[in-house]
2 protein chains.
Amino acid sequence: MQASDGGWTIPEVAVTVDLAVLTVRSGALQIMLIRRGVQPFRGKYALPGGFLASTMEDTDTAAARELAEETGLDPSDLHLEQLRTYGSPYRDPRQRVITICYLAFVPHLPSPTAGGDALHAVWSPVQPILDGDVRLAFDHDQIVADAVERARSKLEYTTLGAAFCPSEFTVSELRMVYEIVWGQRLDARNFHRKVTGSPGFLVPTGARSRQKGGRPAAVYRRGAAELLHPAILRAGSRPVAGTTPHDDMST
Amino acid sequence: MQASDGGWTIPEVAVTVDLAVLTVRSGALQIMLIRRGVQPFRGKYALPGGFLASTMEDTDTAAARELAEETGLDPSDLHLEQLRTYGSPYRDPRQRVITICYLAFVPHLPSPTAGGDALHAVWSPVQPILDGDVRLAFDHDQIVADAVERARSKLEYTTLGAAFCPSEFTVSELRMVYEIVWGQRLDARNFHRKVTGSPGFLVPTGARSRQKGGRPAAVYRRGAAELLHPAILRAGSRPVAGTTPHDDMST
DNA sequence: CCCGTTCTCGTCAAGTTGACGATAATAGCT
DNA sequence: AGCTATTATCGTCAACTTGACGAGAACGGG
């Protein structure tokens, strides 16, 4: 459990790398879960992940490799970032386990997963987890809550909403991503003006989508911009009108 | 190095909790460093921190305790948040060490620290580190760069700029924090309008500061608001603050 | 060919930002 | 006291952004 280092021993702990993989499907924000086959929490759902191998693998690389295994997709196409590290002492009943958690945004996957670890992987809507109606293994409820909040925030000031869309998409598809992740309706006309007016957000392909009804929409691809200036703010995060800008101190 | 768990062994690695403690002093954004007394990187400067004790201490708690030891301040007064976890395999030449790094904003500390670990602690301007003119131990240059970028970003959309100020401060002091952290001049009149118009950012104490010259400024305390809506965005870059030599904490 | 639907462009009032003039209130100096 | 330099605070105005919403464009389906 400890390695010697010139008369001093360095304590060691178990470390896992877990993934919070979010997607938008069936009109809901969903997260990838696996059903645990071993104790503890056998039979419960948990985030995919695993112990950091004793090999000298970078944690970022380990997360990308796991993501590729679970989704069957090239991780260079997907958005993957570190979410947070969870180090509460009793989050694993066996022994102390610290989890480095990563957050991924993936588009609606066309085929079910193919990797070996992913045999038990399922997509599950996040809302029942946030509401406490579904309980996950360990402290993964909290991780899911953190992941969703990070995702909602990221849509405001980055172009990552497009990471939930396929490589080619319309403004309406992007708007529905925002509406589903934020859980609120957006004005289609103002949203269109906003995203098409943000330099580098959308690159028109020239093609037009055809669907059941309505005017065909222009098809776009993701642009090079990653940050949005200014941000697209969710309702409720706007200043309250009526407050006096210059308030007298004498009160 | 491994613990048995029903026929399977869980690999373990060494974990440290490090601190990136930022402050504004002498007109520059500075970070707390310690001079290493042991190998590796003996004599080099590094972020304060230590191996995660084998005790069942929460990593957040461990970071807060270390911060209190280094600064001598009550950690409940200070802003402390997790920055990132660094897990590159060869960042420590001895063996694999994963570092959970925390970010703290502290005001200009009036008195030197009293703890034992802090005897060698110094404040050092971040700019030479960002420029590559000063090299730290391990990958701590990168951590400092991440910490500064996080701090600059946090000033935009949170009220954490006030965490660099003493408990009572003026708008000018707050503006200088912004100017120093962002490295650009801000219009004093627009900044005043902006921060006094943000509900919950500043609470007037009724007192007025007296200083060398000029009209006395109203004195404020931090308000309850943590998020700024809308954000204060940095704009045109105009470098302002120079760098000062290494400054002992007991100044 | 009409109709419902969706996409896209315009318009307008309200609010915010950036540039900057003007006034207020102090210290230091003669 | 009067003057000046300095800093704080208040106002003004044009340019821009936002939210609400009208209106036309371009389809599929009856």
Side-chain angles (χ1 to χ4, degrees), chain A residues 156-157 165 168-179 182 184-199 201-202 204-220 227-251, chain B residues 155-157 165 168-179 182 184-199 201-202 204-220 227-238:
Chain A
E156 286 192 333
Y157 60 94
C165 297
E168 299 198 341
F169 55 92
T170 67
V171 173
S172 288
E173 292 176 295
L174 181 63
R175 176 170 50 83
M176 280 189 287
V177 165
Y178 273 80
E179 291 181 339
W182 284 350
Q184 64 185 220
R185 305 231 79 169
L186 300 174
D187 184 277
R189 295 158 291 187
N190 291 336
F191 184 85
H192 187 277
R193 177 183 60 192
K194 178 73 175 163
V195 296
T196 56
S198 293
F201 194 173
L202 301 180
T205 64
R208 312 212 144 250
S209 80
R210 55 184 122 146
Q211 40 200 56
K212 25 198 164 182
R215 176 176 172 175
V219 176
Y220 294 89
L227 291 178
L228 278 179
H229 287 295
I232 311 177
L233 295 180
R234 331 170 226 184
S237 61
R238 303 214 36 93
V240 185
T243 45
T244 351
H246 295 280
D247 217 271
D248 194 50
M249 307 179 15
S250 55
T251 310
Chain B
L155 289 206
E156 287 191 332
Y157 60 94
C165 297
E168 298 197 341
F169 55 92
T170 67
V171 173
S172 287
E173 291 176 296
L174 182 62
R175 175 169 49 83
M176 280 189 288
V177 165
Y178 273 80
E179 291 181 340
W182 284 351
Q184 64 184 221
R185 293 210 154 271
L186 300 174
D187 184 277
R189 295 157 293 187
N190 292 336
F191 185 84
H192 187 278
R193 177 182 63 191
K194 178 72 177 164
V195 296
T196 56
S198 292
F201 195 172
L202 302 180
T205 65
R208 308 205 148 254
S209 79
R210 55 184 121 142
Q211 40 201 56
K212 28 199 165 180
R215 174 177 174 174
V219 176
Y220 295 89
L227 291 179
L228 278 179
H229 289 293
I232 310 177
L233 294 181
R234 352 170 207 178
S237 56
R238 200 187 289 186

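By convention in this document, chain letters (A, B, ...) are assigned in the order of the sequence lines, proteins followed by strands, and residues within each chain are numbered from 1. Since we're looking at a predicted model, the values are computed, not measured.
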Quick one: label S172(A) by what it contacts on the DNA or RNA (base, sugar-phosphate, nothing), any heavy atom closer than 4.0 Å. sugar-phosphate
Could you check which of dC20(C), dT9(D), dT18(D) has an atom nearest any side-chain atom of A218(B)? dT9(D)
How about L227(A) and H229(A): do any of their side-chain heavy atoms sit closer than 4.5 Å? yes
Whole-Å distance, F191(B) CZ to dA19(C) P, equals 15 Å
Mind checking whether E156(A) and I232(A) have side chains closer than 4.5 Å, heavy atoms only? no
End-to-end axis angle, where each axis spans five pairs of the helix from dC1(C)-dG30(D) to dT30(C)-dA1(D), to 10°: 10°
Rounded distance (Å) that lies between atom C1' of dA20(D) and atom CZ of R185(A): 16 Å
Closest nucleotide of DNA chain C for A231(B) versus for E173(A): which of these residues is on the 5' side? E173(A)
To the nearest 0.5 Å, tell me how far M176(B) CE sits from T170(B) OG1. 6.5 Å
Nearest whole angstrom, please: distance from the C1' of dT16(C) to the CG of L228(B). 14 Å
Contact between Q184(B) and E179(B) at the side-chain level, heavy atoms closer than 4.5 Å - yes or no? no
List the steps and the verdict of side-chain contact (heavy atoms from CB on, under 4.5 Å) for V177(B) and R175(B). CA-CA 5 Å; V177(B) 165; R175(B) 175 169 49 83; over 6 Å; no
With rounding to the nearest 0.5 Å, note down the distance linking CG in L233(A) to CG in L228(A). 10.0 Å
For residues K194(A) and P230(A), report the shortest heavy-atom separation together with the two atoms involved. NZ-O, 3.3 Å
Atom CG of L186(A) and atom C1' of dA20(D): how far apart are they, to the nearest Å? 14 Å
Looking at S209(B) and P216(B), what are the two nearest heavy atoms and their distance? O-CB, 2.9 Å
Comparing R175(B) and P230(A) on DNA chain D - which has the more 5′ nearest nucleotide: R175(B)
To the nearest angstrom, how far is D187(A) atom CG from dC12(C) atom P? 17 Å
When the aromatic ring centroids of Y220(B) and F169(B) are compared, is their separation below 6.0 Å? no
Please check the phosphate of dA8(D) (OP1 and OP2 only) for any side-chain N or O of H192(B) closer than 4.0 Å. no
CG of D187(B) to CZ of R193(B), rounded to nearest 0.5 Å, is 8.5 Å
Between CZ of R185(B) and CZ of F191(B), what distance do you get to the nearest 0.5 Å? 13.0 Å
Just how far, in rounded Å, is C1' of dT17(C) from CD1 of I232(B)? 12 Å
Can you build the contact string for nucleotides 21-30 of chain C? Use B for base contact, S for sugar-phosphate-only contact, and - for no protein heavy atom under 4.0 Å. B--BBBS---
Expressed as a whole number of angstroms, how long is the span from Q184(A):CD to dA20(D):P? 11 Å
Measuring to OP1 and OP2 of dT17(D), would you say a side-chain N or O of K194(A) lies under 4.0 angstrom away? no
Dump every N/O contact between nucleotides 12-16 of chain D and the protein below 3.5 Å, one line per pair.
| from | atom 1 | to | atom 2 | distance (Å) |
| --- | --- | --- | --- | --- |
| dT12(D) | O4 | R193(B) | NH1 | 3.3 |

To the nearest angstrom, the CE-C1' distance between M176(A) and dC7(C) comes to 12 Å
Using a 4.5 Å cut-off on heavy atoms from C-beta on, say whether the side chain of L202(B) contacts that of L174(B). yes
